[in-house]
Amino acid sequence: MKFRPLHDRVLVRRVETEAKTAGGIIIPDNIQEKPSEGVIVAAGSGVRKDDGSVVALELKAGDMVLFGKWGGTEVNIDGEELLIMKESDILGVIEGAGKGKKKK
């Protein structure tokens, strides 16, 4: 299935987090916090202003981003759990980051 977000929304794939602490303690899946980092999978065309003009989004597919703990709406597309959120819910872009790992 292909999915294209509308307007100022983006589709985000959470990145996989480390399953153990720096000291070597393994954290069980059921108590791990969901990561607040992700990779933009798709982005909408932009925000439509009152005068009808469209302001393009700053985000693009492949950007590594940081978002709030409760940000976005979880959706399941082709068996993969993704987030849809507004560009304004994104706290920032992580510069110099490679493409993130896919969450299993």
Side-chain angles (χ1 to χ4, degrees):
M1 168 181 11
K2 288 198 139 213
F3 181 84
R4 181 178 53 93
L6 298 176
H7 309 297
D8 64 337
R9 289 182 172 74
V10 293
L11 187 64
V12 179
R13 175 182 297 123
R14 290 183 194 266
V15 295
E16 192 173 302
T17 56
E18 192 63 38
K20 62 178 160 177
T21 65
I25 299 172
I26 296 174
I27 304 168
D29 287 340
N30 61 344
I31 63 167
Q32 281 185 18
E33 284 192 25
K34 291 190 176 179
S36 297
E37 297 182 5
V39 175
I40 302 293
V41 176
S45 59
V47 179
R48 185 168 303 277
K49 295 173 72 176
D50 291 336
D51 64 4
S53 63
V54 176
V55 177
L57 299 182
E58 287 187 46
L59 300 170
K60 61 188 177 312
D63 282 349
M64 178 74 89
V65 295
L66 188 66
F67 50 88
K69 186 174 185 176
W70 307 109
T73 301
E74 291 185 356
V75 294
N76 194 325
I77 299 176
D78 289 339
E80 183 178 12
E81 194 174 289
L82 302 168
L83 291 169
I84 297 175
M85 59 181 64
K86 289 188 167 221
E87 185 184 42
S88 59
D89 292 339
I90 304 290
L91 303 175
V93 177
I94 302 171
E95 297 290 337
K99 296 223 179 213
K101 294 180 196 170
K102 193 165 105 175
K103 185 176 181 193
K104 293 181 181 180

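For reference, positions follow the sequence shown, starting with 1.
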Stepwise, does the side-chain contact (heavy atoms from CB on, under 4.5 Å) test hold for R13 with V15? CA-CA 6 Å; R13 175 182 297 123; V15 295; over 6 Å; no

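- How far CZ of R48 is from CG of L6: 11.0 Å, rounded to the nearest 0.5 Å.
- Every residue two or more places apart in sequence or in another chain was checked for a salt bridge (Lys or Arg N to Asp or Glu O under 4.0 Å) with D89, and none qualifies.
- The shortest distance between side-chain heavy atoms of L83 and E74 falls below 4.5 Å.
- Proximity of V75 to F3: side-chain heavy atoms (C-beta onward) are nowhere separated by under 4.5 Å.
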Considering only distance and modelled atom types, tabulate donor-acceptor pairs under 3.5 Å from the side chains of residues 53-68, sequence neighbours left out.
from: S53; atom 1: OG; to: D51; atom 2: OD1; distance (Å): 2.7
from: K60; atom 1: NZ; to: D63; atom 2: OD1; distance (Å): 3.1
from: D63; atom 1: OD2; to: K60; atom 2: N; distance (Å): 3.1

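- The line from CZ of R9 to OG of S45 is 11.5 Å long, rounded to the nearest 0.5 Å.
- The CG atom of D8 lies 7.0 Å from the CD atom of E87; values are rounded to the nearest 0.5 Å.
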